[in-house]
Amino acid sequence: QVQLVESGGGLVQAGDSLRLSCAASGRTFSTYTMGWFRQAPGKEREFVSALSRSGGNKYYADSVKGRFTISRDNAKNTVYLQMNSLKPEDTALYYCAADQTLLYSTNPVAYDYWGQGTQVTVSS
């Protein structure tokens, strides 16, 4: 099992940047595919980005491509989401997710482990 704790959210203005972090417990972090999802009020949870175990393969939703960058530091058991050029429509609760069996998936039900989320609010 792995436990995930997100941090780094906040209230920013449009055009600003934030870096989210997701710290994982355990010694096997490098065996997990990691993902970031978000959920705005009244909307379904949606895929943002995913990263393979080695960090060599990265996947992004079209809505964030070119603005967000996912990365991981397996020595620190941490995955990051660098978010640049933020827009009001990026406002959501951002979740970190992990799974050992996936190559990657955009479907949230495919991930076994989830953090509690960190709120990102972008004002116009």
CZ-CE distance between Arg19 and Met83, expressed to the nearest 0.5 angstrom: 11.5 Å
Say you draw a straight line from CG of Asn57 to CG of Leu51; how long is it, rounded to the nearest 0.5 Å?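 Reported to 0.5 Å precision, the distance equals 8.5 Å.
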State whether the side chain of [X] and the backbone N or O of [Y] hold a donor-acceptor pair below 3.5 Å, judged by distance alone.
X: Tyr111; Y: Trp36; answer: no
X: Thr121; Y: Thr91; answer: no
X: Arg53; Y: Thr31; answer: yes
X: Lys58; Y: Ile70; answer: yes
X: Ser49; Y: Tyr60; answer: no
X: Asp99; Y: Asp112; answer: yes

Within the structure provided, determine whether Gln100 and Val2 are in side-chain contact (heavy-atom separation under 4.5 Å).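 Sidechains of Val2 and Gln100: no contact.
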Any non-hydrogen side-chain atom of Val64 less than 4.5 Å from a side-chain atom of Arg38? yes
Show me the pairs that pass ring-ring contact (aromatic ring centres under 6.0 Å, His included) and involve residues 39-59, at least two apart or across chains.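 For residues 39-59: Phe37-Phe47, Tyr59-Tyr104.
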What pairs meet the ring-ring contact (aromatic ring centres under 6.0 Å, His included) rule with one or both residues in residues 68-103, with sequence neighbours excluded?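 Applying ring-ring contact (aromatic ring centres under 6.0 Å, His included) to every pair that reaches into residues 68-103, excluding sequence neighbours, yields nothing.
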Flag if over 12 foreign heavy atoms under 6.0 Å of CD, Glu89: yes
Write down the atom of Gly56, the atom of Ser52, and the distance for their closest heavy-atom approach.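 In terms of heavy atoms, the two residues are closest at N-OG, 3.3 Å.
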So, for Thr118 and Leu20, which heavy atoms are closest and what is the spacing to 0.1 Å?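 Answer, listing the atom of Thr118 first, then Leu20: CG2-CD2, 3.9 Å.
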Who passes salt bridge (charged side-chain N to carboxylate O under 4.0 Å, His left out) against Lys43, sequence neighbours left out? none
Taking only residues two or more places apart in sequence or in another chain, which ones pass salt bridge (charged side-chain N to carboxylate O under 4.0 Å, His left out) with Arg67? Asp90
Using the side chain to side chain donor-acceptor pair (under 3.5 Å) criterion, which residues pair with Arg72? Sequence neighbours excluded.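 For Arg72 the side chain to side chain donor-acceptor pair (under 3.5 Å) partners, ignoring immediate neighbours, are Asn74.
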Which of Thr78, Asp73, Val5, Val79 passes side-chain contact (heavy atoms from CB on, under 4.5 Å) with Ser21? It is Thr78
Please check if Trp114 and Met34 belong to a single hydrophobic cluster, counting links between Ile, Leu, Val, Met, Phe, Trp and Tyr side chain heavy atoms closer than 4.5 Å.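 Hydrophobic grouping puts Trp114 apart from Met34.
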Distance-only check: which donor-acceptor pairs under 3.5 Å involve side-chain atoms of residues 6-17, not counting sequence neighbours?
residue : atom : partner : partner atom : Å
Glu6    : OE1  : Gln116  : N            : 3.0
Glu6    : OE1  : Gly117  : N            : 2.8
Glu6    : OE2  : Cys96   : N            : 2.8
Glu6    : OE2  : Gly117  : N            : 3.2
Asp16   : OD2  : Gln13   : N            : 3.1
Ser17   : OG   : Asn84   : OD1          : 2.9

